[in-house]
Amino acid sequence: MTFRPERILGIFSWLAVSLVVVPVCVLVVYLFVRGWPAMSYALFFGDTPWRAAIIGAQPVFDGIYPAIVGTSILIICSSIIAIPLGVFCGIYLAEYAQGFLKSIFSFMVDLLSGMPSIVMGLFGFALILFMRRTLFSHANTSLMLSAACIALLILPYLIRMTQVALESIPENVRLLGPSLGYTRWQNIVHVLLPSSSTAIFSGIVLSIGRAAEDTAVIMLTGVVANAGIPRALSDKFEALPFTIFYLTAEHRNDLELQKAFGSALVLLVLTGTLFFISYCIQKNLKRYWRLGE
Amino acid sequence: MIEKWIERALFSSALLCSLCVTAVFGFLLYFSWPLFLDARGLANVFSWVWKPFAGQFGILPMMAGTFSLALLALGIAYPLAIGIASFTHGLAPARITKTVLGLVYFMTSIPTVIYGFVSVFILVPLFRDYFDRGTGFCLMVSAITLAILIVPTIMIALKTEMNQRSEEVCMGARSLGLTPAQELLWVLLPCSGRGLVIAAILGFGRAVGDTLVALMVAGNAPVIPHSLLDPIRTLTSHIALVVATDSQDQAYYSIFAAGLMLFLIMAGLTMVIRNLGNRFGQGKKRHDIPS
């Protein structure tokens with residue numbers, strides 16, 4: 001038999017796939033096996049009755065409810081900041097920017113998307129140091145600061161998703177508006193955005209997943225292990241990913257370890273669901289464009 | 001009239017994003033600036049010794065940690081990613097390909113902290129028991145974990161490039177009677193050289209920028225690693241650790257210097273990628289629409 005390199009490539013590719021697929025399956029199965037027994041009322045609310053916990057009448061001490069609330073508020077606030085800004089920026093880059101300006105702006109977006117999340121966190125931390133030295137001597141790390149830094153982190157994804165969605169609209173759809181006498185902005189609002197809205201939406205869902213999972217940014221900008229439910233945006237807060245990180249290093253007994261596995265499973269299910277939603281949208285999208293052709 | 005204002009609003013949002021990037025750089029520079037004014041301070045930070053209580057704040061061990069970890073992780077992940085990209089490019093039945101692709105995309109959504117978490121409970125005890133040396137928190141464990149984390153990044157970048165090239169060359173290759181495996185090995189991989197480099201850089205950047213895996217499983221000892229079983233500390237986890245332990249003022253300069261280093265490394269990588277031809281290109285040419 002002669003030496004056939006492409007045969008080796010075939011064997012190697014099967015090997016590579018199994019070397020990646022097996023660990024990931026082990027990871028998911030392991031989390032379900034260890035995390036499932038931890039799923040109980042006590043994991044979420046501890047000893048507190050859930051009605052009292054939800055209206056905030058009683059603090060929750062042992063459960064992960066405050067962390068879930070913290071993560072939710074963080075997601076909502078950072079989305080409020082990042083989504084409009086990112087979508088506008090994406091529209092500008094796709095439809096208006098030209099020449100030198102476009103290359104400058106897209107370089108900035110590339111730079112932003114390459115930025116390690118810890119550097120974003122360090123930026124937030126530096127901002128607080130700066131504010132303390134200058135005008136606001138009482139400034140402190142808080143939920144608001146974390147939301148702003150997380151917004152900065154997810155901004156490049158939103159911009160790119162919007163830009164790519166707009167730029168991949170077929171030419172015949174793109175010319176529809178101008179042929180009817182629409183101006184550029186009318187064309188964007190009435191033709192281009194509606195026909196790319198699902199793609200943009202799936203980008204938004206993906207970036208919400210990023211906001212939910214990031215730990216490095218919030219570590220430097222105001223997350224703490226035991227804060228309870230934040231009463232204001234200037235409070236410190238708890239978050240799911242940080243709870244997992246903290247408990248991994250600091251668990252003192254089996255109960256806390258159980259809590260760590262429980263929160264890891266909850267976080268995995270949360271980001272997995274977001275991913276699944278975005279995946280389904282994109283799948284339908286492909287079918288949509290194929291029909292349109 | 002209103003069109004003009006809308007364009008201005010959109011422009012200012014783009015400007016705001018760019019200003020944010022500049023602000024990040026500005027703040028890092030502002031806070032590490034005192035170092036650059038003082039030659040002794042600079043020599044102190046760019047030295048090989050980190051002993052904060054003795055007044056020595058060298059970040060070079062962390063640089064060594066970052067680079068050894070990132071290169072090792074890339075060395076493990078890159079062949080795997082090429083293998084998977086080839087696998088999904090005609091070497092396997094369509095149904096398996098779809099499942100594998102779905103799984104790789106799913107991997108991008110698994111939180112970093114969960115990779116670290118599972119590694120702490122599976123890989124670390126494994127290494128501790130098998131090699132019977134140290135605590136198990138070491139360079140090798142973190143490199144393996146990080147490799148799994150960066151495989152999707154590399155693979156997706158590679159696949160994008162290969163799909164594009166494939167459209168150009170597949171007709172020619174098929175007409176020569178090449179099998180899919182031959183086409184991949186002799187035509188597609190050689191002609192997507194640019195994509196191969198870009199994918200490697202993206203993966204390297206992701207590995208350099210990651211904090212949680214290194215922080216959770218690398219052991220965090222600020223020393224130069226001599227073997228794969230030595231604990232290391234990266235620039236990213238160094239920043240997290242120093243801020244968390246609330247050290248004195250001098251230590252802060254060193255973390256801003258570390259942040260500045262990270263910023264410059266990533267900016268450098270971004271520039272290299274852009275020179276190689278931006279993934280997203282300049283957008284396709286289209287008819288100019290009058291406003």
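Order of the sequence lines sets the chain letters (A, B, ...), proteins ahead of strands, with each chain counted from 1.
Top candidate by heavy-atom pairs under 4.5 Å with chain B, chosen from Val119(A), Leu206(A), Thr215(A), is Thr215(A). Comparing Leu189(B), Val151(B), Ile122(B), Thr108(B) by heavy-atom pairs within less than 4.5 Å of chain A, the highest count is held by Ile122(B). Of the listed residues (Ala92(B), Ser109(B), Ala181(B), Cys20(B)), the one with the most heavy-atom contacts under 4.5 Å to chain A is Ser109(B). If you tally non-hydrogen atom pairs under 4.5 Å between each of Phe245(A), Phe12(A), Trp185(A), Tyr96(A) and chain B, the highest count goes to Trp185(A). Of the listed residues Leu16(B), Leu262(B), Leu91(B), the one with more heavy-atom pairs under 4.5 angstrom with chain A than any other is Leu91(B). Contact count against chain B (heavy-atom pairs under 4.5 Å) is highest for Ala126(A) among Gly209(A), Ala126(A), Gly272(A). Taking Ala258(B), Gly102(B), Ala240(B), Ser119(B) one by one and counting their heavy-atom pairs under 4.5 Å with chain A, the maximum is reached by Ala240(B). The candidate from Val21(A), Val24(A), Leu15(A) with the greatest count of non-hydrogen atom pairs under 4.5 Å with chain B is Val24(A). Chosen from Leu155(A), Leu267(A), Ile91(A), Val28(A), the residue pairing most often with chain B at heavy-atom distances under 4.5 Å is Leu267(A). When the candidates Leu184(B), Val208(B), Ile82(B), Leu15(B) are compared by the number of heavy-atom contacts under 4.5 Å with chain A, Leu15(B) comes out ahead. Looking only at heavy-atom pairs under 4.5 Å with chain A, the residue among Gly116(B), Ala9(B), Gly205(B), Ala23(B) that has the most is Ala23(B).
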Walk me through it: do Cys17(B) and Leu85(A) pass the test side-chain contact (heavy atoms from CB on, under 4.5 Å)?
CA-CA 8 Å; Cys17(B) 298; Leu85(A) 197 58; 4.1 Å; yes
Verify side-chain contact (heavy atoms from CB on, under 4.5 Å) between Phe87(B) and Val20(A), making sure each step is shown before the conclusion.
CA-CA 12 Å; Phe87(B) 185 85; Val20(A) 172; over 6 Å; no
Does the pair Ile110(B) and Leu268(A) meet the rule for a side-chain contact (heavy atoms from CB on, under 4.5 Å), with working shown?
CA-CA 7 Å; Ile110(B) 300 178; Leu268(A) 186 70; 4.0 Å; yes
Run Met219(A) and Thr211(B) through side-chain contact (heavy atoms from CB on, under 4.5 Å) and show every step you take.
CA-CA 11 Å; Met219(A) 263 166 80; Thr211(B) 312; 5.7 Å; no
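Looking only at distances, a side-chain donor or acceptor of Arg274(B) sits under 3.5 Å from a matching main-chain atom of Ser103(A). With hydrogens and angles disregarded, a donor-acceptor distance shorter than 3.5 Å links the side chain of Glu213(A) to the backbone of Thr112(B).
More than 12 heavy atoms of other residues, nucleotides or ligands shown are found within 6.0 angstrom of CZ on Phe204(B).
Here Phe261(A) and Phe121(B) bring their ring centres to under 6.0 angstrom of each other. Between Phe27(B) and Phe125(A), the gap from one ring centroid to the other reaches at least 6.0 Å.
Listed here is the closest heavy atom pair of Gln186(A) and Glu3(B): N-OE2, 3.9 Å. Contact record, Gly83(B) with Ser13(A): O-CB, 3.2 Å, taken as the closest heavy-atom pair. Across Tyr92(A) and Ala14(B), no two heavy atoms sit closer than the pair CD2-CB, 3.7 Å. Smallest separation of non-hydrogen atoms from Leu31(A) and Val118(B): CG-CG2, 3.9 Å.
We find the CG-SG distance between Leu10(B) and Cys89(A) to be 9.0 Å, quoted to the nearest 0.5 Å. In this structure, the separation between CD1 on Ile6(B) and CD1 on Ile188(A) is 8.5 Å, given to the nearest 0.5 Å. The distance from atom CG of Leu220(A) to atom CD1 of Ile255(B), rounded to the nearest 0.5 Å, is 7.5 Å. Here Ile144(B) contributes atom CD1 and Leu19(A) contributes atom CG; the two are 10.5 Å apart, rounded to the nearest 0.5 Å.
With a 4.5 angstrom heavy-atom cutoff, Ser18(B) touches chain A via backbone and side-chain atoms both. With a 4.5 Å cut-off on non-hydrogen atoms, Ala85(B) does not touch chain A at all. Only the side chain of Ile96(B) comes within contact range of chain A, with heavy atoms under 4.5 Å apart. Heavy-atom distances place both the backbone and the side chain of Ala216(A) under 4.5 Å from chain B. Contacts between Pro241(A) and chain B at a heavy-atom distance below 4.5 Å involve backbone atoms as well as side-chain atoms. Contacts of Tyr30(A) with chain B are made by side-chain atoms alone, with heavy-atom separations under 4.5 Å and no backbone atom involved. Only the side chain of Leu212(B) comes within contact range of chain A, judged by heavy atoms closer than 4.5 Å. Residue Ala97(A): no heavy atom, backbone or side chain, is found under 4.5 Å from chain B. In this structure, chain A has heavy atoms under 4.5 Å from both the backbone and the side chain of Val24(B). Contact of Leu129(A) with chain B is made through backbone and side chain together, with heavy-atom distances under 4.5 Å. With a threshold of 4.5 angstrom between heavy atoms, Phe11(B) approaches chain A through its backbone and through its side chain. Heavy atoms of Val17(A) lying under 4.5 Å from chain B belong to its backbone as well as its side chain. The contact between Phe88(A) and chain B is made by backbone and side chain atoms together, counting heavy-atom distances below 4.5 Å. The contact between Ile159(A) and chain B is made entirely by side chain atoms (from C-beta outward), counting heavy-atom distances below 4.5 Å. Of the two parts of Ser12(B), neither the backbone nor the side chain holds a non-hydrogen atom closer than 4.5 Å to a non-hydrogen atom of chain A. Within the 4.5 angstrom heavy-atom criterion, atoms from both the backbone and the side chain of Leu9(A) approach chain B. Residue Leu80(B) touches chain A through both its backbone and its side chain, counting heavy-atom pairs closer than 4.5 Å. Only the side chain of Arg210(A) comes within less than 4.5 Å of a heavy atom of chain B; its backbone N, CA, C and O stay farther away. With a 4.5 Å cut-off on non-hydrogen atoms, Pro180(B) does not touch chain A at all. With a 4.5 angstrom heavy-atom cutoff, Phe107(A) touches chain B via backbone and side-chain atoms both.
The shortest distance between side-chain heavy atoms of Phe263(B) and Leu111(A) falls below 4.5 Å. Put simply, the side chain of Phe106(B) does not reach to within 4.5 Å of the side chain of Tyr279(A), judged on heavy atoms. Using a 4.5 Å heavy-atom threshold, the side chains of Met108(A) and Leu19(B) count as separate. The side-chain heavy atoms of Phe31(B) and Leu122(A), taken from C-beta on, include no pair separated by under 4.5 Å.
Ring planes of Phe130(A) and Tyr30(B): perpendicular class, angle over 60° (limits at 30 and 60°).
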